[in-house]
Amino acid sequence: MILTASSFQTRESAEAHYLGLCDLWASEMRRVDPVQTAIHQRKALEASAGGGPWIEAEAEALCVDKAELCERVKAAEAETEREWQVIEIKRVKAKADIRAASTVSQMHAIYQQLRAI
Amino acid sequence: MNEPLLYALADTEGHILGVTEGPYHYLQCDESVTSATHYVDTETHAINAKRDYDYSVETDGLGVTITGLPPNVGITVNGIYGMTDSEPTVVAFDLPGTYTVKLDGTKEYMPAEFEVTVDDPDGE
């Protein structure tokens, strides 16, 4: 007697499940709340312009030179952009591979590899 | 049409405890005997302890083959239920992992459960 003990009824339901997991992985990796992101963007704009209310308030609170703080903020912004891009490329690549996969265990392996990064 | 036979169940003082269609067998035993652990051999009327299933499990990729189970045993795994027949039972999974297989008890056999782990070497 053959008993089919599948975890997914169809390839489509497995694909939807694993595509969703890739998106969830990306949002876990980013881990920033929307207000913090907005603040970073305001500071980055001010740092490019050489100063502004956010930069000045922070420089005073941290007792650091305004120009140096601008450089720090610009470097941190560039690093964040790089990290986001890396996460995004991995997310879209994993999703493309999952769409191209023919078996559930291949999809599972692709997702496991994504998490291992 | 045959009328079913009725049996009165009485205690030793003569009170009737109930009337049943029966017939049932009334077999002396000790306190180790329970409905979960014993059964009666209908030919000899002996009370026997239920046995454990004697089976072997082989894993090949995402498939598991269970050999040695008698027919008509309920088997539950990954939310799916089936009944064994006279052939070995092949369980086909789609997702690597560790699963619990549960075997229902029967008149003569105790229920059982065990784990199997499957993987797909071609899945990478």
Side-chain angles (χ1 to χ4, degrees), chain A residues 1-32 79 81-117, chain B residues 53-106 108-109 111-124:
Chain A
M1 185 265 294
I2 296 178
L3 191 59
T4 304
S6 301
S7 297
F8 296 97
Q9 292 287 352
T10 62
R11 192 202 159 281
E12 285 63 42
S13 63
E15 185 185 280
H17 174 80
Y18 283 104
L19 292 179
L21 288 180
C22 291
D23 289 336
L24 217 53
W25 168 85
S27 90
E28 280 170 20
M29 290 297 286
R30 290 186 289 254
R31 251 176 298 141
V32 183
E79 181 55 31
E81 283 286 313
R82 264 194 297 275
E83 284 174 8
W84 285 0
Q85 191 169 56
V86 166
I87 292 167
E88 181 62 4
I89 297 300
K90 287 174 180 165
R91 183 187 72 91
V92 301
K93 176 80 171 81
K95 288 178 79 170
D97 289 346
I98 285 168
R99 288 189 182 96
S102 45
T103 69
V104 169
S105 69
Q106 282 172 353
M107 295 181 195
H108 176 79
I110 291 161
Y111 173 63
Q112 293 298 113
Q113 275 172 4
L114 184 66
R115 291 197 68 89
I117 295 163
Chain B
Y53 290 114
D54 182 15
Y55 58 91
S56 59
V57 179
E58 246 181 61
T59 304
D60 181 12
L62 290 170
V64 171
T65 302
I66 308 165
T67 310
L69 292 175
N72 302 319
V73 176
I75 173 167
T76 307
V77 56
N78 204 23
I80 311 289
Y81 175 82
M83 289 276 269
T84 61
D85 53 22
S86 53
E87 299 290 318
T89 301
V90 176
V91 184
F93 296 93
D94 60 352
L95 188 60
T98 299
Y99 299 87
T100 302
V101 179
K102 292 190 180 174
L103 303 172
D104 291 347
T106 64
E108 295 183 22
Y109 290 93
E113 72 177 59
F114 57 93
E115 283 190 347
V116 294
T117 299
V118 291
D119 203 355
D120 184 2
D122 302 325
E124 294 291 321

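The analysis underlying the following values was restricted to heavy atoms, covering all of them including side chains, and did not include hydrogens, waters or symmetry mates. We name chains A, B, ... by the order of the sequence lines, and we start the count at 1 in each one.
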On a heavy-atom basis, which atom in [X] and which in [Y] lie closest, and how many Å separate them?
X	Y	result
S7(A)	Y99(B)	OG-OH, 3.7 Å
N78(B)	A5(A)	ND2-O, 3.0 Å
M1(A)	G82(B)	CE-C, 4.4 Å

For [X], does the [atom1] atom sit with more than 12 other heavy atoms under 6.0 Å from it, leaving out its own atoms?
X	atom1	result
Q85(A)	CD	no
E83(A)	CD	yes
E12(A)	CD	yes

Next on the checklist: If I take atom OG1 from residue T65(B) and atom CD1 from residue I2(A), how far apart are they, to the nearest 0.5 angstrom?
Outcome noted: 9.0 Å

Checklist entry - Out of curiosity, L95(B) CG to M107(A) CE, how far, rounded to the nearest 0.5 Å? => result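 Rounded to the nearest 0.5 Å, the CG-CE separation comes out at 11.0 Å.
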
Checklist entry - What part of L62(B) lies closer than 4.5 angstrom to a heavy atom of chain A: side chain, backbone, both or neither? => result side chain

Checklist entry - Quick one: do the T103(A) and D94(B) side chains pair a donor with an acceptor below 3.5 Å? => result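 No, no side-chain donor-acceptor pair sits under 3.5 Å.
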
